[in-house]
Amino acid sequence: MKVKEVLSALEKFAPLPLQESWDNAGLQVGLTEAEVSGALLCLDVTEKIIDEAVSKGCNLVVSHHPLLFRGLKTISDLTDVQRTVMKAIEQKVCVVSMHTNMDNAQGGVNFRIAEKLGLKDVTFMSAKKVGDVECGSGVIGTLEEPMAADDFVLKVKKAFDVECALTNELLQRPVSRVAICGGAGDFLLDEAVAAGADAFITGEMHYHQYFGYEQKIQICVIGHYQSEQFTTEVFRDIIQKECPGVRTEIAKTCTNPIYYL
Ligand SMILES: [Zn+2]
C-alpha cells in the first residue's frame with residue numbers, strides 16, 4: 001500500500017477541513033507514491049523519532065502534532081525542526097500529521113480519552129458541521145457511577161499514568177458529567193460549565209484560568225503529552241482497519257519535553 005493510500009484512510013476518518021484555521025495537518029514531508037514498509041505512530045516528530053522509524057524499518061511516520069507549522073525558509077542544521085526535515089528526506093521517511101482534524105473528529109482524540117475513563121453517552125460538547133461532517137473540539141460524557149471528586153482525580157491519574165494532576169479545590173458534590181479536551185483545551189472551560197459538566201479534563205491551563213471556578217467544576221489538568229498519549233491508538237486502529245497489510249508500531253521514544261522532577 002502506498003503512502004497516499006494510508007494518508008487518504010486517515011483523512012477519511014479525520015477530514016482536513018475539520019482542522020483549525022491556524023493548523024497545518026496533512027502531508028508534511030515525503031513521497032506519496034512510496035510503498036509503505038511500516039508506520040511509526042507518535043505525538044511529535046523529532047530526530048529521535050525518525051531514527052526509531054528507520055531502526056524499525058518504517059518509512060512512514062504518523063504524528064499528532066505537525067512537524068511543519070509556520071513554514072520553513074531555510075532547511076539546514078540550525079534548528080531541530082529543520083534537522084528533522086533533513087533527516088526524514090535523507091532517510092526517505094515520509095511524515096504525515098493528523099492534528100486538530102483528529103481532535104475534532106468523531107471517534108478522535110477526545111473520544112478515546114473518554115473511552116479510557118469508561119464514560120458513557122459521549123457526545124461532542126457543542127457539535128458543529130463542516131460540510132456534512134459533524135465535528136467539535138471537546139466531548140462530554142457520564143461516568144458509570146457518580147464519584148467523589150478526590151476518587152475521580154485518582155481515577156484520572158491512574159487512567160493516564162500520571163503522578164500528579166493540577167486541580168482547583170476539590171468539588172464538594174459528586175462528579176458525574178465529565179467534559180474533555182486533550183492538549184491545550186483551556187478555551188473550552190466555560191463551555192464545559194455551561195454544558196453542565198462536573199469536571200473538566202485537559203492537558204494544560206494558565207494560572208489565572210483556575211480562578212473563579214471553585215465549586216462550579218472540578219478542573220483536572222494532566223499534562224499536554226499525557227492527555228493525548230492515546231492518539232497513537234486511534235491511528236493504529238484506523239490503519240489496521242483501512243490499510244490491511246500495513247505494519248504499525250507505536251513509538252517507544254517519549255517525545256514529551258516536560259519533566260516532573
Ligand atoms: Zn497537542
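Every number for a ligand or one of its atoms is a count from 1 in the order of the listing.
Between the side chains of Asp190 and Tyr213, at least one donor-acceptor pair of N or O atoms lies under 3.5 Å.
The N, O or S atom of Glu228 with the smallest distance to the Zn ion (ligand 1) is OE1.
In summary, no N, O or S atom of His99 is located under 2.8 Å from the Zn ion (ligand 1). At a threshold of 2.8 Å, the Zn ion (ligand 1) has no backbone or side-chain N, O or S atom of Asp103 nearer than that distance. For the Zn ion (ligand 1), the set of nearby N, O or S atoms under 2.8 Å includes one belonging to His224.
Under the 4.5 Å side-chain criterion, counting only non-hydrogen atoms from C-beta, Val234 is in contact with Ile238.
With respect to Val61, the side-chain contact (heavy atoms from CB on, under 4.5 Å) criterion is satisfied by exactly one of Cys42, Ser97, Cys94: Cys42. Exactly one of Thr248, Leu41, Leu40, Val6 qualifies for a side-chain contact (heavy atoms from CB on, under 4.5 Å) with Phe235. That residue is Leu41.
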